[in-house]
Amino acid sequence: MSAADFDLPSDQVAHLLIGAMLLVDGVGGRIVETEAYDREDPASHSFSGPTARNQVMFGPPGRAYVYRSYGIHWCLNFVCREEGHGAGVLIRALEPLRRLELMRERRGVDDERLLCSGPGRVGQALGITSELNGARLDRSPFQVFASTERLPVMNGPRIGISKAKEVHWRFGLENSKYLSRKFEKFTSQPG
DNA sequence: CGAACGATTAGCT
DNA sequence: GCTAATCGTTCGA
């Protein structure tokens, strides 16, 4: 995918990314769960304007925004919309497909379903660190290929937030074993 | 400068 | 289901 593909509202990109192949240095798999965030969104890091941490969200679309979560985990986002807007998509889960042994080693677990099912796990399995904050998604080490298939996508409330819980900007591949959690309430998107 | 709070996970009950 | 771990970011004094 090119930078222009991310110059769209983050909920559209979050939906579009379900089924896409994501690789970092050849390690990764198929995206099965995402969440959208936007400048006008109280749950978003960008809601209160640019800061040292979130400055990449206010840069050009098609870049990686990487942040430290709970002092422990690295979480990977894709910057969306026009430059300066402050929108992004959090990559919450992958179906692991490439270089599973390296992911098992990095994660310290064998179970395939625990390799990339959660944003912190995705970061650890793919070797994401702050060094990749601001990196272009159309250049090494990233590779992002949109799905050519029409896939059944469901959506629902985002996870782990305290504000804007009524916004259903969590998207997931229906029937995937690799979601970080079940979708309790969801509406199926028209295929 | 201090304090509160996470876009989480793992491990235990 | 509940909670400790763990520390950078943010905001108010």
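All chains are named by letter (A, B, ...) in the order of the sequence lines, taking the proteins before the strands, and each is independently numbered beginning at 1.
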Provide, to the nearest angstrom, the distance between the OH atom belonging to A:Tyr67 and the C1' atom belonging to C:dT10. 15 Å

For atom CG of A:Asp111 and atom C1' of B:dA10, their distance in whole Å: 14 Å

Tell me: CG of A:Asn133 to P of B:dA7, nearest whole Å? 16 Å

Between C1' of B:dT8 and CD of A:Glu35, the distance in whole Å: 12 Å

Which part of the nucleic acid, if any, lies within contact of A:Arg181, taking any heavy atom under 4.0 Å across all strands shown: a base, the sugar-phosphate backbone alone, or nothing? nothing

Classify A:Arg158 by what it touches in the nucleic acid, base, sugar-phosphate, or nothing, heavy-atom distance under 4.0 Å. nothing

Apply the test side-chain contact (heavy atoms from CB on, under 4.5 Å) to residues A:Leu137 and A:Met1: give CA-CA distance (whole Å), side-chain angles for both, the deciding distance (0.1 Å), then the verdict. CA-CA 8 Å; A:Leu137 297 171; A:Met1 293 175 69; over 6 Å; no

In whole Å, what is the span from the CG atom of A:Asn54 to the P atom of B:dC5? 20 Å

Between NE2 of A:His73 and OH of A:Tyr67, what distance do you get to the nearest 0.5 Å? 10.0 Å

side-chain contact (heavy atoms from CB on, under 4.5 Å) between A:Leu94 and A:Val32, worked out: CA-CA 5 Å; A:Leu94 307 182; A:Val32 298; 5.7 Å; no

Distance from A:Arg139 atom CZ to A:Arg63 atom CZ, nearest 0.5 Å? 8.5 Å

Separation of B:dG11 P from A:Arg107 CZ (nearest whole Å): 10 Å

Write down the distance between CZ (A:Arg39) and P (B:dA7), rounded to a whole number of angstrom. 17 Å

Check whether more than 12 heavy atoms from other residues, nucleotides or ligands sit under 6.0 Å from atom CD of A:Glu82, and answer yes or no. yes

Can you tell me how far P of B:dA10 sits from CZ of A:Arg113, to the nearest Å? 15 Å

Could you go over nucleotides 1-8 of chain C and give all protein N or O partners under 3.5 Å, atom names and distances?
unit_1, atom_1, unit_2, atom_2, d
C:dT6, O2, A:Tyr70, O, 2.9

Please pick, from B:dG6, B:dA10, B:dT8, the nucleotide with the shortest atom-to-atom distance to any side-chain atom of A:Ile159. B:dT8

A:Thr51 side chain: which of B:dG6, B:dT8, C:dT10 is closest? C:dT10

Base, sugar-phosphate, or nothing for A:Leu90, non-hydrogen atoms under 4.0 angstrom? base

Quick one: stems involving DNA chain B, counted as three or more successive Watson-Crick or G-U pairs, both distances short of 3.5 Å. B:1-6 with C:7-12, B:8-12 with C:1-5

A:Met57 has its side chain closest, among C:dT10, B:dA7, B:dG6, to B:dA7

If you compare every side-chain N and O of A:Arg92 against the phosphate oxygens of B:dA7 (OP1, OP2), does one of them come in below 4.0 Å? no

Rounded at 0.5 Å granularity, tell me how far CZ in A:Arg81 sits from CZ in A:Phe6. 15.5 Å

Show me the donor-acceptor pairs within less than 3.5 Å that the side chains of residues 109-125 of chain A make with the rest of the protein, sequence neighbours left out.
unit_1, atom_1, unit_2, atom_2, d
A:Asp111, OD1, A:Arg113, N, 2.9
A:Glu112, OE2, A:Tyr178, OH, 2.9
A:Ser117, OG, A:Arg113, O, 2.9
A:Ser117, OG, A:Tyr178, O, 2.8
A:Arg121, NH1, A:Ser117, O, 2.8
A:Gln124, OE1, A:Arg107, NH1, 2.7
A:Gln124, NE2, A:Arg106, O, 3.2

Whether A:Arg170 engages the ring of A:Phe183 as a cation-pi pair (distance to the six-membered ring centre under 6.0 angstrom, angle to the ring normal within 45°) should be assessed. yes

Donor-acceptor check, side chain of A:Asn133 to backbone of A:Val66, threshold 3.5 angstrom: yes or no? yes

Tell me, with the steps shown, if A:Phe78 and A:Tyr65 meet ring-ring contact (aromatic ring centres under 6.0 Å, His included). CA-CA 6 Å; A:Phe78 293 171; A:Tyr65 163 49; over 10 Å; no

